[in-house]
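Only one structure is covered here, and it is reproduced in the block below.
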Amino acid sequence: MRWGLVPAWFKEDDPSKMQYNTSNCRSDTMMEKLSYKVPLVKGKRCVVLADGYYEWQQRNGQKQPYFIYFPQTVQGMFNKSDIEDEDPKGQRLLTMAGIFDCWISPNGGETLYSYTIITVEASKSVSSIHHRMPAILDGDEAVEKWLDSAEIPTQEALKLIHPIENLAFHPVSTVVNNSRNNTPECIIPIQLDLKKTKGQQVQHVCVLHLCSTCPGDRG
DNA sequence: CCAGACGTTGTT
DNA sequence: GTCTGG
DNA sequence: CCAGACGTTGTT
DNA sequence: GTCTGG
């Protein structure tokens, strides 16, 4: 599926001619915006899987990127093959709530499936990085309800869209700033230079969280 | 009724 | 300044 | 989100 | 295709 929702009624022959951003969808207005409301009430709900997402923190004029993800099990965290293999095992992927639509080019051809990722206010746990975050479904039950548009009506499903606290994060290299870069360096933790200047407090930086709900972890 | 929009991030 | 591509 | 382009003539 | 503004 293509990221950036192309509404079913889009009239140009090329989706790249869309003149407005549909990569994200504000949860507070998605029942008012035509591009999202229409597919949403038709039950076109999807889940977007990712290792994590990046967000940039404004730090005294500079932008510091962070990688944000579900807390991992100890086993998953130290499984070296996760970093080196294309097919990581034992890694808990982020499950972000999305809306999709289907579009057929006026020239015909295959149906294009495309999606948008819902955004919400940042939760307390990530609010020091940025004031917005993707809507994340925390757990199988939430994921299954979001996907089950046959049984779970829109109004019920919308209750699943809210900020969540259960996240871990760490600062990463600005290598990630150029989206042409797609290397392990994009997600490897870096040490921030927390140079103290007079009268400034050094902020606590969360490097890694363990998952307190996983039996093998000790918080 | 028709015409025109249909969107978010951020910033100030 | 604003848009496109990734 | 950030980085990078932002243009036309002609030539090979 | 469907809603809002005029």
Side-chain angles (χ1 to χ4, degrees), chain A residues 1-46 48-69 86 94 96-109 111-123 125-136 149 154-155 158 161-163 167 169-190 192:
Chain A
M1 294 175 79
R2 173 201 162 97
W3 188 14
L5 185 147
V6 181
W9 45 262
F10 186 64
K11 291 178 183 65
E12 308 292 328
D13 55 0
D14 181 357
S16 69
K17 290 179 181 166
M18 283 247 304
Q19 287 303 293
Y20 51 98
N21 282 353
T22 52
S23 297
N24 295 119
C25 160
R26 293 184 64 93
S27 62
D28 51 345
T29 54
M30 62 183 169
M31 285 301 280
E32 298 156 21
K33 304 293 184 177
L34 278 175
S35 295
Y36 306 135
K37 177 191 173 179
V38 172
L40 184 53
V41 299
K42 289 180 183 162
K44 290 188 161 63
R45 311 197 294 257
C46 65
V48 183
L49 300 175
D51 293 336
Y53 70 97
Y54 300 102
E55 201 68 86
W56 283 259
Q57 179 186 55
Q58 204 84 48
R59 292 179 83 237
N60 44 52
Q62 310 278 0
K63 293 218 166 184
Q64 175 59 52
Y66 286 78
F67 185 58
I68 306 170
Y69 46 92
E86 285 291 324
L94 264 195
M96 298 180 285
I99 300 168
F100 72 94
D101 208 348
C102 303
W103 174 79
I104 300 170
S105 164
N107 301 334
T111 300
L112 176 71
Y113 283 73
S114 60
Y115 65 91
T116 186
I117 296 175
I118 299 169
T119 62
V120 295
E121 282 287 307
S123 65
S125 61
V126 292
S127 61
S128 64
I129 302 174
H130 195 67
H131 69 106
R132 303 287 296 170
M133 70 187 291
I136 296 164
S149 55
T154 307
Q155 287 306 320
L158 291 183
I161 303 303
H162 52 72
L167 290 170
F169 56 82
H170 60 250
V172 294
S173 161
T174 54
V175 161
V176 76
N177 287 11
N178 192 326
S179 59
R180 288 182 161 84
N181 297 333
N182 186 16
T183 65
E185 206 185 340
C186 291
I187 61 168
I188 288 172
I190 61 160
L192 288 183

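In what follows, chains are A, B, ... by sequence order, proteins preceding strands, each numbered from 1. Here the structure is a predicted model, which is why all the values come from computation and not from measurement.
When the side-chain contact (heavy atoms from CB on, under 4.5 Å) test is applied to C186(A), the partners found at least two apart in sequence or on another chain are Y54(A), V175(A), V176(A), N181(A), T183(A). In this structure, the side chain to side chain donor-acceptor pair (under 3.5 Å) partners of S123(A), at least two apart in sequence or on a different chain, are S125(A). In this structure, the side-chain contact (heavy atoms from CB on, under 4.5 Å) partners of I190(A), at least two apart in sequence or on a different chain, are Q64(A), P171(A), S173(A), L192(A). K44(A) meets the side-chain contact (heavy atoms from CB on, under 4.5 Å) test with P39(A), K42(A), F100(A), D101(A), C102(A); sequence neighbours excluded. For the salt bridge (Lys or Arg N to Asp or Glu O under 4.0 Å) test, residues two or more places apart in sequence or in another chain that qualify with R26(A) are D28(A). Listed by chain and number, the residues in a side chain to side chain donor-acceptor pair (under 3.5 Å) with N177(A) are W56(A) (sequence neighbours excluded). In terms of the side chain to side chain donor-acceptor pair (under 3.5 Å) criterion, residue partners of T119(A) (sequence neighbours excluded) are, by chain and number, R132(A).
Counting non-hydrogen atoms under 4.0 angstrom, T119(A) reaches the backbone sugars and phosphates but no base. Contacts of S35(A) with the nucleic acid, taken as non-hydrogen atoms under 4.0 Å apart, involve only primed sugar atoms and P, OP1 or OP2. F10(A) comes within 4.0 angstrom of no nucleic acid atom, judged by non-hydrogen atoms across all strands.
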Please tabulate, one pair per line, all N/O donor-acceptor pairs under 3.5 Å involving side-chain atoms of residues 3-18 of chain A, not counting sequence neighbours.
residue : atom : partner : partner atom : Å
W3(A)   : NE1  : S23(A)  : O            : 3.0
D13(A)  : OD1  : K17(A)  : NZ           : 3.0
D14(A)  : OD1  : S16(A)  : N            : 3.0
D14(A)  : OD1  : S16(A)  : OG           : 3.0
D14(A)  : OD2  : S16(A)  : OG           : 2.9

Pull out every protein N or O sitting under 3.5 Å from an N or O of nucleotides 3-6 of chain E, one pair per line with the distance.
none

Per-nt protein contacts along nucleotides 2-7 of chain D (heavy atom under 4.0 Å; B base, S backbone sugar-phosphate only, - none) come out as SSS---

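Within residues 14-22 of chain A, the residues that have a heavy atom under 4.0 Å from DNA chain B are, in order of number, Q19(A), Y20(A), N21(A).
For the C1' atoms, the distance linking dG1(C) with dT11(D) amounts to 33 Å, nearest Å. Using C1' as the reference atom, dA5(D) and dG4(B) are 31 Å apart when rounded to the nearest Å.
For a distance-only test at 3.5 Å, the side chain of K42(A) fails to qualify as a donor-acceptor partner of the base of dG1(E).
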Base-pair string, DNA chain E, Watson-Crick plus G-U, cut-off 3.5 Å on both distances, | for inter-strand, is ||||||

